[in-house]
Amino acid sequence: MNNQQEIATPDVKTNIRKVRSHKITFGTTKWLAYTAFFTALALMLKVIGQIGTLNELAKITPIYAIWLIAAAVLGPIGGGTVCFISDLTIALVFPTGVLNPFITLVCTLYGVVAGLIFKIPLKSYTARFIIAGIVCAFLCTFLLNSLAIWGWCKYYLKLGSFMNGGKNGVFWIYMTSRLFQLTVALANTVLTVAMIPILLKLKLLPKIQITDKKER
């Protein structure tokens with residue numbers, strides 16, 4: 001009996017290590033490397049997004065897809081870090097006016113919220129990406145970013161509504177103008193869902209262990 005137990009123990013430990021090896025733990029060298037990688041990729045796509053800028057409130061960009069993937073792989077802290085660095089860097093390198101820190105804050109929140117949603121124990125990455133993409137698109141890209149632009153222009157720059165020249169620009173004008181960007185963010189969500197098989201093959205996303213609770 002003792003010999004059988006001694007032989008079985010290493011097998012159990014080996015299986016546990018194989019499952020955990022695909023996870024990226026916060027603060028490790030692997031986590032830092034992936035954070036740097038996604039940040040660099042996000043910056044590259046941010047630059048491409050500058051080409052697709054229609055106006056200050058509308059940009060054709062694939063950046064939201066990278067933000068969602070970074071949040072799925074790195075969690076809320078890593079996702080928020082990638083969003084923060086990529087948005088702030090582009091704002092400084094390619095300024096379109098006075099730097100609005102609230103927009104950078106909202107972009108950071110995009111990664112944090114998405115990372116938290118990916119922690120929900122759903123059995124499908126498709127469901128996680130769809131929920132995270134929709135929530136972040138409406139909450140961050142549409143609502144909070146509109147609020148950040150409106151409040152910054154109205155109360156700090158004293159511009160009122162720069163779209164109609166009025167002294168008392170109202171919030172709904174800004175929100176309506178963000179409808180195009182909302183569509184772009186939602187389209188990025190569809191893109192991330194299509195990329196799930198590739199992310200699994202690259203082992204960027206660990207396989208979901210449905211039988212964990214039963215094994216315990």
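Just so you know, these numbers use all the heavy atoms, side chains as well, and skip hydrogens, waters and symmetry mates.
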Provide the closest heavy-atom pair for Leu186 versus Gly133 in the form atom of the first, atom of the second, distance. CD2-O, 4.5 Å
Distance check, rounded to the nearest 0.5 Å: Cys136 atom SG versus Ile131 atom CD1? 11.5 Å
Before you tell me yes or no, could you show the steps for Thr35 and Thr39 under side-chain contact (heavy atoms from CB on, under 4.5 Å), namely the whole-Å CA-CA distance, both residues' side-chain angles and the distance that decides it to 0.1 Å? CA-CA 6 Å; Thr35 301; Thr39 300; 4.2 Å; yes
Considering all heavy atoms, the nearest Ala42-Ile63 contact: O-CD1, 3.1 Å
Val112 reachable from Leu143 in the ILVMFWY side-chain graph, under 4.5 Å edges: no
Does Leu45 share a hydrophobic cluster with Leu204, counting links as ILVMFWY side-chain heavy atoms below 4.5 Å and allowing steps through other members? yes
Please verify the inter-ring angle class for Phe138 with Phe142; under 30° counts as parallel, over 60° as perpendicular, anything in between as tilted. perpendicular
Any donor-acceptor pair under 3.5 Å linking the side-chain atoms of Trp67 with those of Ser86? yes
Group every Ile, Leu, Val, Met, Phe, Trp and Tyr by side-chain heavy-atom contacts under 4.5 Å, then state whether Ile103 and Ile60 land in the same group. yes
Where Ala148 and Val106 come nearest, the two heavy atoms and their spacing: CB-CG2, 4.5 Å
Could you pull out the closest heavy-atom pair between Leu205 and Ala72, with the gap in Å? CD2-CB, 3.9 Å
Please report the interatomic distance CZ(Phe129) to OG(Ser124), rounded to the nearest 0.5 Å. 10.0 Å
For Ala71 versus Gly115, what's the shortest heavy-atom pair and its separation? CB-N, 3.5 Å
Please step through side-chain contact (heavy atoms from CB on, under 4.5 Å) for the pair Asp87 and Thr108, ending with a clear verdict. CA-CA 8 Å; Asp87 183 80; Thr108 303; over 6 Å; no
Roughly how far, to the nearest 0.5 Å, is the CG atom of Leu99 from the CG atom of Leu92? 6.0 Å
Rounded to the nearest 0.5 Å, the OG atom of Ser177 sits from the CH2 atom of Trp172 at a distance of 10.0 Å
Linking I/L/V/M/F/W/Y whenever their side-chain heavy atoms sit closer than 4.5 Å, directly or via other members, would Ile198 and Val190 fall into one cluster? no
Leu182 to Ala137 - nearest heavy-atom pair and separation: CD1-O, 3.5 Å
What verdict does the side-chain contact (heavy atoms from CB on, under 4.5 Å) test give for Asn188 and Leu68, after you've listed the backbone C-alpha separation in whole Å, the side-chain angles of each residue and the deciding distance to 0.1 Å? CA-CA 9 Å; Asn188 273 242; Leu68 284 174; 5.5 Å; no
Test item: Arg128 side-chain N/O and Leu122 main-chain N/O as donor-acceptor pair under 3.5 Å: yes
Inter-residue atom distance Leu139.CG - Tyr110.OH, 0.5 Å rounding: 10.5 Å
Check whether Asn145 reaches the backbone of Gln181 with its side chain - one donor and one acceptor, N or O, closer than 3.5 Å. no
From Leu74 CG over to Thr25 OG1, what is the distance, rounded to the nearest 0.5 angstrom? 11.0 Å
Please tell me whether Tyr125 and Phe118 form a close aromatic pair, meaning their ring centres lie under 6.0 Å apart. no
With a 4.5 Å limit on heavy-atom distance, are the side chains of Leu179 and Thr183 in contact? no
Using the rule that Ile, Leu, Val, Met, Phe, Trp and Tyr join whenever any side-chain heavy atoms are under 4.5 Å apart, tell me whether Ile69 and Met44 fall into a single cluster. yes
Might you work through the side-chain contact (heavy atoms from CB on, under 4.5 Å) test for Thr61 and Tyr64, ending with a clear yes or no? CA-CA 8 Å; Thr61 173; Tyr64 302 106; 4.0 Å; yes
So, the side chain of Thr28 versus the backbone of Trp31: is there a donor-acceptor pair under 3.5 Å, distance only? yes
